[in-house]
There are 2 protein chains.
Amino acid sequence: MISHTEENYLKAMFGFMDEQGEITVNELSKHLSIKMPTVNGMMKRLSEKGLVHYESYKPLKLTEEGKKLAALVIRKHRLTEMYLVEKMGFGWEEVHIIAEQIEHIQSPEFFDKMDELLGYPQHDPHGSPIPDKGGKIKSRKLVRLAECAPEDTVILAAIADSSEELLKFLNHRNLKLGTELTVESIESFDKSMVIKTSTDKSQVLSNLVTEKLLMEKE
Amino acid sequence: MISHTEENYLKAMFGFMDEQGEITVNELSKHLSIKMPTVNGMMKRLSEKGLVHYESYKPLKLTEEGKKLAALVIRKHRLTEMYLVEKMGFGWEEVHIIAEQIEHIQSPEFFDKMDELLGYPQHDPHGSPIPDKGGKIKSRKLVRLAECAPEDTVILAAIADSSEELLKFLNHRNLKLGTELTVESIESFDKSMVIKTSTDKSQVLSNLVTEKLLMEKE
DNA sequence: TATATTTGTTAGTTCAAACAAACTTATTAC
DNA sequence: GTAATAAGTTTGTTTGAACTAACAAATATA
């Protein structure tokens with residue numbers, strides 16, 4: 001059996017690891033706001049359980065089993081977020097905190113039922129992929145809006161960092177998943193961008209925002 | 001803030017206390033399957049927090065605040081059970097275990113939303129009353145089927161002990177909340193009862209079962 | 001009433017998960 | 001290439017929530 005706390009560590013490792021699948025104790029500590037000695041101790045425990053490859057002074061890696069378990073926690077989180085939005089009428093900016101708690105419920109039937117009632121969704125309300133029951137993640141190739149060039153027409157497909165503030169800002173600007181927009185110009189000084197959707201008039205987005213918007217190119 | 005564990009103690013105290021609102025350390029220990037010293041220690045902590053009246057060698061009582069908190073945990077549990085049955089399609093025998101976990105979620109909005117989507121239900125799927133947001137419980141006067149006499153016509157209104165086995169048995173016998181039945185005879189030897197509903201042929205219920213069925217008299 | 005049994009309490013232990021302090025190893029800068 | 005800084009580790013403490021062993025109080029029984 002795996003504890004609530006252990007699930008949180010695995011999820012964080014999976015979510016914040018680099019391209020090689022590695023993360024340092026220090027980075028993990030910062031992301032979790034838990035002091036390094038505590039993280040270090042937990043890594044030894046997870047290593048005992050066969051979920052983490054741990055070697056002194058080396059970056060951490062998840063084992064295959066660790067990766068699968070982490071993906072299944074993420075699955076529970078994202079299914080819950082989707083359920084809260086689609087079936088209970090919550091806003092996409094409200095669901096993260098609730099899902100953080102519900103993701104630890106131990107009941108496969110409960111999450112299977114959500115999945116079924118939702119019609120087996122591929123993505124959560126922020127566009128992040130929902131891992132399948134085997135822990136496999138189907139990821140799309142998306143580009144940050146910041147990388148796009150003037151004249152590009154792209155569709156908002158996902159939000160890189162789903163903080164409440166950013167999501168509220170997007171509500172305010174009437175930018176939703178699926179919204180098509182065209183880049184009109186980029187200010188070279190601060191990389192702010194003027195964009196245009198079919199429904200609203202042109203608007204400026206700061207680089208801080210365009211870095212977080214993940215777009216699909218046709 | 002109140003912990004998951006503390007919530008469970010309060011809920012158990014509230015649920016198992018006697019008519020005077022009292023319960024002994026020993027009884028509580030048995031209901032929770034937690035050893036007496038642990039229970040005793042927790043009672044001292046809850047007493048520090050002003051939730052329990054604790055005096056050495058005397059039976060335990062909840063304070064007014066303790067009672068309210070306990071009722072609010074029970075509210076979360078019963079709303080969840082109702083939601084799982086009505087909105088997610090679970091059977092009434094499946095929901096207790098899941099609700100035991102979800103009742104500890106800290107999110108008033110989440111439970112308010114359930115309440116709203118359910119249309120502010122008065123009872124859970126087993127007929128138990130759902131406390132209101134102030135912790136007040138509206139209880140009906142119900143009689144055990146075992147107390148009824150031949151010729152009595154009564155309606156199944158609640159199940160005293162909602163164990164999975166009993167609920168499955170009732171499924172099997174096609175007895176649901178709201179089912180009207182007439183007592184045809186009682187066997188004095190073992191107090192088993194012959195009953196008849198409008199839809200099925202007469203059936204025998206053992207005293208073990210009739211003690212658990214709570215009926216409404218017209 | 002004296003004894004036995006049940007119930008309640010105290011003291012001390014364990015484990016998980018957090019912390020701080022102090023130390024070691026690795027990396028960066030001069 | 002050594003000193004300074006950053007990162008990682010070890011050791012020991014704390015708190016919550018469980019346990020056992022041992023003792024004390026209350027109740028039941030002979």
Side-chain angles (χ1 to χ4, degrees), chain A residues 1-14 16-18 20-62 66 69-70 73 100-101 103-106, chain B residues 1-14 16-18 20-62 66 69-70 73 100-101 103-106:
Chain A
M1 196 71 289
I2 184 162
S3 78
H4 180 122
T5 313
E6 288 166 342
E7 282 193 341
N8 278 336
Y9 278 89
L10 291 180
K11 184 176 58 131
M13 289 179 76
F14 193 96
F16 294 115
M17 68 193 187
D18 63 19
Q20 291 95 251
E22 296 184 338
I23 186 168
T24 66
V25 175
N26 192 36
E27 285 159 358
L28 191 51
S29 162
K30 279 170 184 157
H31 284 301
L32 290 166
S33 303
I34 290 171
K35 294 291 178 292
M36 283 179 63
T38 308
V39 173
N40 200 58
M42 179 59 85
M43 290 305 111
K44 286 182 172 179
R45 291 221 355 248
L46 292 177
S47 162
E48 293 294 307
K49 291 196 175 190
L51 302 174
V52 165
H53 291 296
Y54 177 86
E55 277 185 275
S56 278
Y57 299 104
K58 296 243 177 88
L60 304 159
K61 294 192 73 169
L62 287 168
L69 250 64
V73 176
E100 285 279 303
Q101 298 181 65
E103 73 191 9
H104 301 295
I105 301 292
Q106 302 291 337
Chain B
M1 195 71 293
I2 184 162
S3 77
H4 180 123
T5 313
E6 288 165 343
E7 282 193 341
N8 278 336
Y9 277 90
L10 292 179
K11 185 176 56 130
M13 288 179 75
F14 193 96
F16 294 115
M17 67 195 190
D18 62 21
Q20 290 96 252
E22 297 183 339
I23 186 169
T24 66
V25 176
N26 191 34
E27 284 159 0
L28 192 51
S29 162
K30 279 170 184 158
H31 284 301
L32 290 165
S33 304
I34 290 172
K35 294 292 177 292
M36 284 179 64
T38 307
V39 173
N40 200 57
M42 179 58 85
M43 290 306 110
K44 286 182 171 178
R45 291 220 358 246
L46 292 177
S47 162
E48 293 294 307
K49 292 196 175 189
L51 303 174
V52 165
H53 292 295
Y54 176 87
E55 276 185 276
S56 278
Y57 299 103
K58 296 244 176 89
L60 305 159
K61 293 192 74 168
L62 286 168
L69 250 63
V73 177
E100 285 279 303
Q101 298 182 66
E103 72 192 8
H104 300 296
I105 301 292
Q106 302 291 336

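A, B, ... follow the sequence lines: proteins, then strands. Residue 1 opens every chain. This is a predicted model, so every value here is computed, not measured.
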Subject >> salt bridge (Lys or Arg N to Asp or Glu O under 4.0 Å) contacts in which one or both residues fall within residues 51-60 of chain A, not counting sequence neighbours >> reply: A/E55-A/K58
Subject >> B/S/- contact track for nucleotides 9-25 of chain C, protein heavy atom under 4.0 Å >> reply: BB-----SSBBBB--BS
Original post:
Just by modelled atom types, is the B/I34 backbone N or O under 3.5 Å from a matching donor or acceptor in the B/S29 side chain?
Top reply: yes
Original post:
So, do B/L62 and B/V52 sit near enough that their side-chain heavy atoms are less than 4.5 Å apart?
Top reply: yes
Subject >> Exercise: identify the closest heavy-atom pair between A/Q101 and B/Q106 >> reply: OE1-N, 2.7 Å
Original post:
How long is the line joining CE of B/M43 and P of C/dT7, in whole Å?
Top reply: 17 Å
Original post:
What's the CG-P distance between B/N26 and D/dA26, to the nearest Å?
Top reply: 16 Å
Original post:
Do B/H104 and A/H104 come within less than 4.5 Å of each other through their side chains, counting heavy atoms only?
Top reply: no
